[in-house]
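Structure record follows, encoded as C-alpha cells.
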Amino acid sequence: MRVIAGLAKGRQLKTPKGSNTRPLTDRVRGALFNILSVKAVESEFLDLFAGTGAVGIEALSRGADRAVFVELNRNAVELIRENLALTGFSEQAEVFQADVLRAIGLLAGKGEKFDLIFIGAPYDSPLLVKVMEKIAESELLKPTGILIAEHRKQHQLDPVYGKIELYREAGYGETILNFYRIKNEYSSLPGKL
C-alpha cells in the first residue's frame, strides 16, 4: 500500500499483519480522490475507523491542511502514527484512540468542523448507520462539506440521514462509496462535485 499522489507520492505505508483491518485498496483510494479532486486542497479532513490512516494521509499528501484520525484499535493507532511519521505529516495530524461514536460527540463538543469526512467502518457493521445518524445530528460537517461512506455492495444505505443526503454513488467491485452533502436549495438536482 502506498501514497498515490501529492507530496508523499510513492511512499510505502505500513500495513497490519494478520489483523482485521481492511485498508481501502490503492485503486479505490485513487478513485475517491479523483472524484474529490481539488476539494482535498486546504481541507479539514476527518478519517473515521482510520485503520492504517491511508485515506487521511492521502488527503494530507494532496494538500489537506489537517487530518484527524479516529481509531479504536491500539495497534492500528500506533500504525497510523508510524505512517504519519514515514510521510512527514505528523505535525498536521491528530490521532485519537477512541470509539467513533464517542469521538464524534467529543469533536462536535469542541466545535470542530470538517470539509471532508470519510467513514471506513467495518463491512456490514451496524455502526455505520449509527455514525451517519450522529454526524447528521451534529455540526461536524461544514455546510459545503462532503461525507463519504464506504460500504459493501450488498449493504444498502439510506439516501437521507437527517439533514444530509446522498448525491453520488461510485462502485468498485464489492466496494461502494456513497457521497453525502447537507441538503440545500439545489438538493433536487442531480449533482456532481
- Query: Take atom CD in Gln154; do more than 12 heavy atoms of anything else shown fall under 6.0 Å from it?
  - Reply: yes
- Assess whether atom CD of Gln12 is packed by more than 12 heavy atoms of other residues, nucleotides or ligands within 6.0 Å. yes
Is there a donor-acceptor contact under 3.5 Å from the side chain of [X] to the main chain of [Y]?
X	Y	answer
Gln156	Lys153	yes
Arg81	Val95	yes
Ser138	Ala108	no
Thr87	Ala8	no
Glu150	Ile176	no

Non-hydrogen atoms of [X] and [Y] that approach each other most closely:
X	Y	answer
Gly162	Val160	O-CG1, 3.5 Å
Gly30	Ile4	N-CD1, 3.4 Å
Leu84	Ala93	CD1-CB, 3.6 Å
Asp115	Ser43	OD2-CA, 3.3 Å
Val70	Ala103	CG1-CB, 3.6 Å
Phe179	Ile146	CD2-CG2, 4.0 Å

- Message: Tell me whether Glu44 is salt-bridged to Lys113, with the criterion being a basic N under 4.0 Å from an acidic carboxylate O.
- Response: no
- Are any of the side-chain nitrogens in Asp124 or Arg152 under 4.0 Å away from the carboxylate oxygens of its partner? yes
Heavy-atom side-chain proximity of [X] to [Y] below 4.5 angstrom:
X	Y	result
Tyr123	Thr175	yes
Asp26	Arg2	yes
Val129	Tyr161	yes
Leu107	Phe96	yes
Met1	Thr52	yes
Phe45	Gln92	no
Gln97	Glu71	no
Leu141	Phe114	no

Are [X] and [Y] in one and the same hydrophobic cluster, where Ile, Leu, Val, Met, Phe, Trp and Tyr link if side-chain heavy atoms are under 4.5 Å apart?
X	Y	result
Leu101	Tyr180	yes
Leu86	Val55	no
Leu128	Ile117	yes
Val77	Val68	no
Phe89	Phe33	no

- Task: Determine, stepwise, if the pair Arg66 / Glu94 fulfils side-chain contact (heavy atoms from CB on, under 4.5 Å).
- Result: CA-CA 8 Å; Arg66 176 175 164 254; Glu94 289 183 70; 2.6 Å; yes
What is the distance from atom [atom1] of [X] to atom [atom2] of [Y], rounded to the nearest 0.5 Å?
X	Y	atom1	atom2	answer
Leu13	Leu79	CG	CG	8.5 Å
Asn83	Thr15	CG	OG1	8.5 Å
Arg27	Leu32	CZ	CG	13.0 Å
Leu127	Leu48	CG	CG	11.0 Å
Lys134	Lys130	NZ	NZ	11.0 Å
Glu112	Ile104	CD	CD1	13.0 Å

- Task: Test side-chain contact (heavy atoms from CB on, under 4.5 Å) on Ile164 and Arg181 and set out the steps.
- Result: CA-CA 5 Å; Ile164 61 172; Arg181 63 184 174 199; over 6 Å; no
- Please step through side-chain contact (heavy atoms from CB on, under 4.5 Å) for the pair Leu177 and Phe118, ending with a clear verdict. CA-CA 10 Å; Leu177 300 176; Phe118 180 81; 4.3 Å; yes
- Message: Using side-chain contact (heavy atoms from CB on, under 4.5 Å), reason through Val131 and Phe49 one step at a time and then give a plain yes or no.
- Response: CA-CA 10 Å; Val131 168; Phe49 302 96; 4.0 Å; yes
- Message: Could you walk me through whether Lys14 and Glu78 satisfy the salt bridge (Lys or Arg N to Asp or Glu O under 4.0 Å) test, starting with their C-alpha distance in whole Å, then the side-chain angles of each, then the deciding distance to 0.1 Å, before giving a yes or no?
- Response: CA-CA 10 Å; Lys14 291 186 174 184; Glu78 290 174 14; over 6 Å; no
